[in-house]
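Reviewing the structure listed below.
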Amino acid sequence: MLNSLSLASPLHHLPSKKLKPSIDTNNKVQTTPSIVHHFTSPFELKQAIAFLIKTNIPLSLLPLPRIASVCALTPYFPFAQQIFDSVNEQELSVWNSCLRKFAETPCSAADVMFLFQQMRSYNVGVDCFTCSFVLKACVELRDVSCARIVHALIEKLGYQSNLVLVNALIHLYAICGVMGDAVLLFDKMPQRDVVSWNVMITQLAKEGDVDEAFELFGRMKERNLRSWTAMITGLVHCGKAKEAVRLFVEMEETGLKANEVTVVAVLAACADLGALELGRRIHEYSDESGFKRNVHVCNTLIDMYIKSGCLEAAKVLFEELKDRTIVSWSAMIQGLAIHGQADEALELFNEMIRMGVKPNEVTFLGILHACSHMGMIKEGREFFASMSRDYNISPQIEHYGCMVDLLSRAGLLQDAYELITRMPIKPNAVIWGSFLGGCRIRKDVEMAEEAMRHLGVLDPLNDGYYIIMSNIYAEAKRWEDAARVRKLMKDRGVKKTPGLSTITIAQATHEFVAGDDNHPQADKIFKRWDKLLEQMRSKGYVPNTSLVVLDIEENEKERYLYRHSEKLALVFGLMNTKAGETIRIMKNLRVCEDCHAAFKVISEIVKREIVVRDRNRFHCFKDGFCSCKDYW
DNA sequence: ATAGGGTTAG
């Protein structure tokens, strides 16, 4: 190939390098045909060269970068080399600029790799720039074996102390999932810069090793905004939203100003915590800083307002957002779903389709979620069928989870069971857990026992399942079985998660645990409750003591019920906020049935909106009704 | 020439 190519090349006609000038003595500019500059194939390149030779124009007028890019990925590679040689050009720099161009072009990583291979096989020496472009392509391709080749090359060429290259290598190893190699490299670096540390922090946190990341963060002598942002993002990612917020405040104290990425991270933390006040503050800051048009920021803001119970604020932002992405739509649909506005969620989905936006698997999760929370069985089934049929999205375990939940909640246990046994993915604890919840509604002890058999294997340390099962027995008056489940739980060392509710007033978060008598305002709270209870009774409230599965006196049961954490938080909130103000409560578990009934009545008595975020969704109590329409 | 961000079941 090479020989025939050389023979075919017009170059050997050339007395290379001794060429006449292209401008003649009369100062007339000789016009060159556009092919000399705009050839797009090696064939046209040859034609251009032939023309130059015929008209005695020097070859050095040829655009070398163009030659490089036209020949780079073809067998004409050595032909290009000959041209570079004939015009006395450093070929490495030409190939490098070609590599750079590929490296900057999206989806051209494979081209970078191929050109690199060509360079190696035609003995072009490489330098640190070559390495950096190739490393970038390796990142895109997650090509760890090429990473090792470049690594060896870097050592061979003596670039071990080139921070840019070594940092890129560390990043590459980490992103390819070989964190050990990354750590090894990082540890033996004689000196590091802030990028080295930031890369490690980011990747360690991504792997879930947030403690190790934090340890490195603590050891840094010099931190920049990206260091703080990486650490805050990592903490949020690992479910440590409180710590993330703490670190953000600390960062502000150093005088550093958050950028868009920092804002996204801290807003995500607010969303997790339902920290509305901080979220609003960040929103203001973000607007002041001109981040309004950043779609990442907007999407996270929408999510923050949704998860903080301000659906209206989220809607306004969503309406104002002009460049919505699928993430914006999905977040909003999911938001409407957890706020019990299923009709609006479906409407929004239709609007999205009308606008030509393609749903993804997350969008369908939101839609199915909406259906399951509102008992829309027909619609849910149709959407589930539609996702693979019309949009070519195959359902994942989460989608099956939604469907099992939809059917189980609606009491269609047989259908749910059939789906579980026939689904192509092995059902997990969430699936059986949803089913178990349905068994409780249907009071189906046998089916519940079947679910428990699976749960005992899949998630034996989760207290929730034991509690539901023992409640199911208790409601069937099978006290011994109920006690047996409680004992089994105890024997396995599973502790019951205590109910915990929080309410934030004037930037202070107050925590209430079920049965808590030790709160500083406990006496006042109980007194206020007794007063409220009188009014509630006159409105027809009857305590649902059947929910207390302890073998105790009836009035003792009532006492238990009245010490539920959400009730304590609510009364505290009523005592410490102005009349008419909305009260927002967060609970770590699902809201209890009796509390739900009580809150409806209370919302009417005190003429307040009460917004409760439980572990699944929102309940917005107003004028004696709840936004969940008592289906949850 | 090297580091970063949004939606996800019970």
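Since the structure is predicted, the reported quantities are computational estimates derived from the model, not experimental observations. Each chain gets a letter, A, B and so on, in the order its sequence line appears, and its residues count up from 1.
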Q. Looking at A:His454 versus A:Phe435, is the centre-to-centre ring distance below 6.0 Å?
A. no
Q: Indicate whether OP1 or OP2 belonging to B:dG4 is found under 4.0 Å from a side-chain N or O atom of A:His171.
A: yes
Q.
Under 3.5 Å, is there any donor-acceptor pair linking the side chain of A:Asn198 to the base of B:dG4?
A. no
Q | Atom-to-atom span, CG of A:Asn162 to P of B:dT2 - whole angstrom | A | 12 Å
Q.
If the cut-off is 4.0 Å, is A:Lys206 near the phosphate of B:dG5, judged by side-chain N/O to OP1 or OP2?
A. yes
Q) Checking all strands, does A:Thr229 fall into the base, sugar-phosphate, or nothing category for heavy-atom contacts under 4.0 angstrom? A) base
Q: Take the protein atom CG of A:Leu163 and the nucleotide atom P of B:dA1, then report the distance between them rounded to whole Å.
A: 16 Å
Q) Between B:dA1 atom C1' and A:Phe102 atom CZ, what is the distance in whole Å? A) 18 Å
Q | Aromatic contact, A:His373 with A:Trp632 (centres under 6.0 Å) | A | no
Q: For A:Asp287 and A:Lys292, indicate whether the former's side chain and the latter's backbone hold a donor-acceptor pair under 3.5 Å.
A: no
Q: Can you check whether any acceptor in the base of B:dG5 is under 3.5 Å from a donor in the side chain of A:Asn259, or vice versa?
A: no
(Q) At 4.0 Å (heavy atoms only), tell me whether A:Arg409 reaches a base, stays on the sugar-phosphate, or touches nothing. (A) sugar-phosphate
Q: May I ask you to establish whether A:Arg223 and A:Trp197 are in a cation-pi arrangement, using a distance under 6.0 Å from NZ or CZ to the six-membered ring centre and at most 45° from the ring axis?
A: no
Q) Closest to the A:Lys136 side chain: B:dT7, B:dT2, B:dT8? A) B:dT2
Q: Give the rounded distance in Å between these two atoms: CG of A:Leu135 and C1' of B:dT2.
A: 9 Å
(Q) Just to be sure I understand the rule, does A:Val295 reach a base, reach only the sugar-phosphate, or reach nothing, if contact means heavy atoms closer than 4.0 Å? (A) base
Q) A:Ala331 has a side chain; which of B:dA9, B:dT2, B:dT7 sits nearest to it? A) B:dT7
(Q) If you go through the side-chain atoms of A:Asn616, does one of them form a donor-acceptor pair with the base of B:dA9 closer than 3.5 Å? (A) no
Q | Touch class at under 4.0 angstrom, heavy-atom based, for A:Asn428 against every strand present | A | base
Q. Nearest to the side chain of A:Asn167 - B:dA1, B:dT2, B:dT7?
A. B:dT2
Q: Calculate the interatomic distance between A:Trp228 atom CH2 and B:dG4 atom C1'; express it in whole Å.
A: 17 Å
(Q) What's A:His237 touching, base or sugar-phosphate or nothing? Going by heavy atoms closer than 4.0 Å. (A) nothing
Q.
Check for me whether the distance between the ring centres of A:Phe349 and A:Phe364 falls short of 6.0 Å.
A. yes
Q: Kindly point out which of B:dA1, B:dA9, B:dT7 is positioned nearest to the side chain of A:Val362?
A: B:dT7
Q. At under 4.0 Å between heavy atoms, what does A:Arg615 touch on the DNA or RNA strands: base, sugar-phosphate, or nothing?
A. nothing
Q | Integer-rounded Å distance: B:dT2 C1' and A:Ile175 CD1 | A | 12 Å
Q: Answer with base, sugar-phosphate or nothing: what part of the nucleic acid does A:His296 contact at a heavy-atom distance below 4.0 Å?
A: base
Q: Using a strict 4.0 Å threshold on nitrogen-to-oxygen distance, state whether A:Lys101 and A:Glu104 make a salt bridge.
A: no
Q. Reckon A:Ile397 touches a base, only the sugar-phosphate, or nothing at all at heavy-atom distances under 4.0 Å?
A. base
Q: Measure from the side-chain heavy atoms of A:Gln334 and tell me the nearest of B:dG4, B:dA3, B:dT8.
A: B:dT8
Q: Remember a base hit wins even if backbone is also touched, and classify A:Asp459 as base, sugar-phosphate or nothing at under 4.0 Å, heavy atoms.
A: nothing
**Q.** Minimum-distance nucleotide (side-chain atoms of A:Ala168 versus B:dT2, B:dA1, B:dA9)
**A.** B:dT2
Q) Looking at the side chain of A:Val195, which of B:dT8, B:dG5, B:dA3 is the nearest nucleotide? A) B:dA3
Q. Which part of the nucleic acid does A:Ser227 contact within heavy-atom distance under 4.0 Å: base, sugar-phosphate only, or nothing?
A. nothing
Q: Starting at atom CD1 of A:Ile333, determine the distance to atom C1' of B:dT8, rounded to an integer number of angstrom.
A: 13 Å
Q: For atom CD of A:Gln90, decide whether the heavy atoms of other residues, nucleotides or ligands shown that lie under 6.0 angstrom number more than 12.
A: no
Q) B:dT2 C1' sits how many Å from A:His151 NE2, rounded? A) 15 Å
Q: Please tell me which of the listed nucleotides, B:dA9, B:dG5, B:dA1, lies nearest to the side chain of A:Phe133?
A: B:dA1
Q.
So if I take every side-chain heavy atom of A:Lys307 and compare against B:dA1, B:dG5, B:dT8, which nucleotide ends up nearest?
A. B:dT8
Q.
Using the side-chain heavy atoms of A:Val199, tell me which of these nucleotides is nearest: B:dG4, B:dA3, B:dG5.
A. B:dA3
